[in-house]
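Taking it in order: structure first as structure tokens, then the write-up.
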Amino acid sequence: MSLGFIGAGAITEAVVTGLCEASAPGLSILLSPRSRERSRALAERYAVVEVAASNQEVADRSELVFLAVRPQVAAEVLTALRFRQGQRVASFIATLDSAEVARLVRPGLLIGRVAPVPPAAQRKGPIAMCPPNEQLAELLGPIGTVIQVSDETQLDAFFSASAMMAPYFELLESVSAWLRAQGIDAAQADTYTGSLFRGIAEKSTQPSGEGFAELVAEHATRAGINEQLRRELLAVGFYDRVKAGLDLIQARMQGRATLNDTLKTN
Ligand SMILES: NC(=O)c1ccc[n+]([C@@H]2O[C@H](COP(=O)([O-])OP(=O)(O)OC[C@H]3O[C@@H](n4cnc5c(N)ncnc54)[C@H](OP(=O)(O)O)[C@@H]3O)[C@@H](O)[C@H]2O)c1
């Protein structure tokens, strides 16, 4: 299948890398001619990747076009493009709802909104999509865990939850910085922190549908150090702030808040 990407930024790089590493048969990939170094590097690394001369060439030569520009420029980029009648389009754009994207790509056909994450490059991580679409699920299944929903507000919730990536690394940074402050060699501090978080993250990959309370209990030895730190973080509202933060991001996703809105301080 011929895939086109309008916008060759961070998420396109991750998805294209994952797809190429998965060596799906019969795939060809055409990238829009921005982020030249990144797209050129992808084309040099993978024989199936090519850089187009224009966004229009991407639309003209692709059976399925992925939209991966930032929302701020999406309307300008898409209104300048002509899609074929019924041409399939899928959107990665987090904050544009399907009604808006469908209008912008007409007479092309929006077949879904998709929320990939950067670990797609390593063929890991969730890929939420709405509505369910077997063709997209089959295409993207090799590069992540596909989760299909019919309700677009649920897709917005998944997009919102993906805002935990930078806060997660900030958490690792705090732990490693604390270890360094104890006089530990910087490389050892980073190795220990990365290895600790990677190891415990592996425990959470089996879906049970019952949340993660069992893992909390398993790792909180009675009267032990994990139990104490969890108790203290709960007491200062650390986890409630995470939920309130996700509410804020969800509100921004749905146009009820902006980048300037902040969490209320207690
Ligand atoms: N990053 C993520 O984890 C993630 C996950 C899911 C969804 N998304 C969504 O994916 C979209 C892209 O995010 P990103 O993180 O990949 O952003 P990014 O790294 O900033 O990439 C945006 C890309 O759009 C290109 N671009 C700008 N104007 C263009 C134009 N007129 N024609 C063609 N390309 C143009 C940029 O080129 P230049 O570099 O030359 O300006 C860049 O290649 C966003 O809408 C975001 O919501 C991102």
Side-chain angles (χ1 to χ4, degrees), residues 3-19 29-43 49-62 64-83 89-98 100-102 104-105 110 112-130 136 139-140 143-149 152 154-170 246 249-255 257-259:
L3 304 180
F5 288 80
I6 305 283
I11 201 63
T12 290
E13 180 177 34
V15 170
V16 168
T17 301
L19 287 171
I29 293 174
L30 193 56
L31 303 177
S32 59
R34 293 281 296 251
S35 299
R36 282 196 181 276
E37 258 177 49
R38 198 193 305 252
S39 38
R40 199 175 302 141
L42 283 168
V49 177
E50 198 187 328
V51 183
S54 66
N55 288 345
Q56 190 58 51
E57 187 189 349
V58 175
D60 290 345
R61 289 178 48 200
S62 305
L64 171 58
V65 178
F66 288 100
L67 307 178
V69 289
R70 291 191 183 174
Q72 295 85 345
V73 300
E76 184 194 329
V77 170
L78 296 177
T79 45
L81 278 180
R82 291 177 310 281
F83 291 96
V89 178
S91 173
F92 293 161
I93 304 169
T95 50
L96 278 196
D97 67 23
S98 56
E100 178 69 354
V101 182
L104 288 166
V105 302
L110 179 73
R113 285 178 65 205
V114 180
V117 288
Q122 289 81 47
R123 303 170 60 194
K124 290 191 169 148
I127 302 180
M129 63 178 69
C130 176
L136 277 178
L139 176 70
L140 299 175
I143 65 166
T145 303
V146 172
I147 297 173
Q148 306 189 68
V149 290
E152 197 167 0
Q154 294 184 356
L155 185 80
D156 289 341
F158 285 129
F159 260 121
S160 305
S162 75
M164 284 304 297
M165 290 187 288
Y168 168 83
F169 284 114
E170 191 66 49
L246 290 174
I249 300 302
Q250 166 103 311
R252 182 172 166 207
M253 289 282 310
Q254 297 176 340
T258 70
L259 181 58

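Values below: all heavy atoms of this structure, side chains included; hydrogens, waters and symmetry mates excluded. Ligands are counted one by one from 1 in listed order, and the atoms in each one are counted from 1 as well. We're numbering straight along the sequence, starting at 1.
No salt bridge links D156 with R252; every basic N to acidic carboxylate O contact stays at or beyond 4.0 Å.
Residues F92 and P116 meet the side-chain proximity criterion, which asks for heavy atoms closer than 4.5 Å. Side chains of V16 and R38 form no contact here, defined as non-hydrogen atoms less than 4.5 Å apart. Side-chain contact between L3 and S62 is absent, with no heavy-atom pair separated by less than 4.5 Å.
Using a non-hydrogen distance threshold of 4.0 Å, V69 registers as a contact of ligand 1. The closest approach between a heavy atom of A115 and any atom of ligand 1 is not below 4.0 Å.
Annotation: atom 25 (C) of ligand 1 to nearest protein heavy atom, G7 CA, 4.0 Å. From the protein, the heavy atom lying nearest to atom 32 (N) of ligand 1 is N55 ND2, 2.9 Å. Nearest protein heavy-atom contact of atom 29 (C) of ligand 1 is R34 NH1, 3.5 Å. The nearest heavy-atom contact from the protein to atom 22 (C) of ligand 1 is A68 O, 3.9 Å. Atom 7 (C) of ligand 1 has as its closest protein heavy atom F92 O, 3.0 Å.
At least one donor-acceptor pair closer than 3.5 Å links the side chain of T12 to the backbone N or O of G7.
Residue A52 comes nearest to P33 through the heavy atom pair O-CB, 3.2 Å, listed as atom of the first residue, atom of the second, then distance.
Here is the list of ligand 1 atoms found below 4.0 Å of a heavy atom in P71: 45 (O). Listed by atom number, the atoms of ligand 1 under 4.0 Å from P118 heavy atoms are 3 (O). Taking every heavy atom of F159 and a limit of under 4.0 angstrom, the matching atoms of ligand 1 come to 6 (C), 7 (C). Here is the list of ligand 1 atoms found below 4.0 Å of a heavy atom in P116: 5 (C), 6 (C).
For ligand 1, none of its N or O atoms has an N or O atom of M165 under 3.5 Å away. In terms of N/O distances under 3.5 Å, ligand 1 is approached by A10. Distances between N or O atoms of A8 and those of ligand 1 include at least one value under 3.5 Å. Among the atoms of R70, some N or O lies under 3.5 angstrom from an N or O of ligand 1. Any N or O atom pair closer than 3.5 Å counts here, and T12 shares no such pair with ligand 1. The shortest N/O to N/O separation between A94 and ligand 1 falls below 3.5 Å.
The closest non-hydrogen atom to atom 10 (O) of ligand 1, taken over V77, I6, I11, comes from I11. The option with the heavy atom closest to atom 36 (C) of ligand 1, from among G9, S35, S39, P33, is S35.
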* Asked: Does the pair F5 and V65 meet the rule for a side-chain contact (heavy atoms from CB on, under 4.5 Å), with working shown?
  -> CA-CA 6 Å; F5 288 80; V65 178; over 6 Å; no
* List the steps and the verdict of side-chain contact (heavy atoms from CB on, under 4.5 Å) for L64 and V89. => CA-CA 6 Å; L64 171 58; V89 178; 5.8 Å; no
* Please walk me through it: do F159 and R113 pass side-chain contact (heavy atoms from CB on, under 4.5 Å)? -> CA-CA 10 Å; F159 260 121; R113 285 178 65 205; 3.7 Å; yes
* Run the side-chain contact (heavy atoms from CB on, under 4.5 Å) check on M164 and L246 step by step: do they pass? -> CA-CA 8 Å; M164 284 304 297; L246 290 174; 4.2 Å; yes
Could you go through residues 66-83 and list every donor-acceptor pair under 3.5 Å that involves a side-chain atom there, pairing it with any protein atom two or more places apart or in another chain?
from : atom 1 : to  : atom 2 : distance (Å)
T79  : OG1    : A75 : O      : 2.7
T79  : OG1    : E76 : O      : 3.3

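When the salt bridge (Lys or Arg N to Asp or Glu O under 4.0 Å) test is applied to R61, the partners found at least two apart in sequence or on another chain are E50, E57.
Counting heavy atoms under 4.0 Å from ligand 1, residue T95 does not touch it at all.
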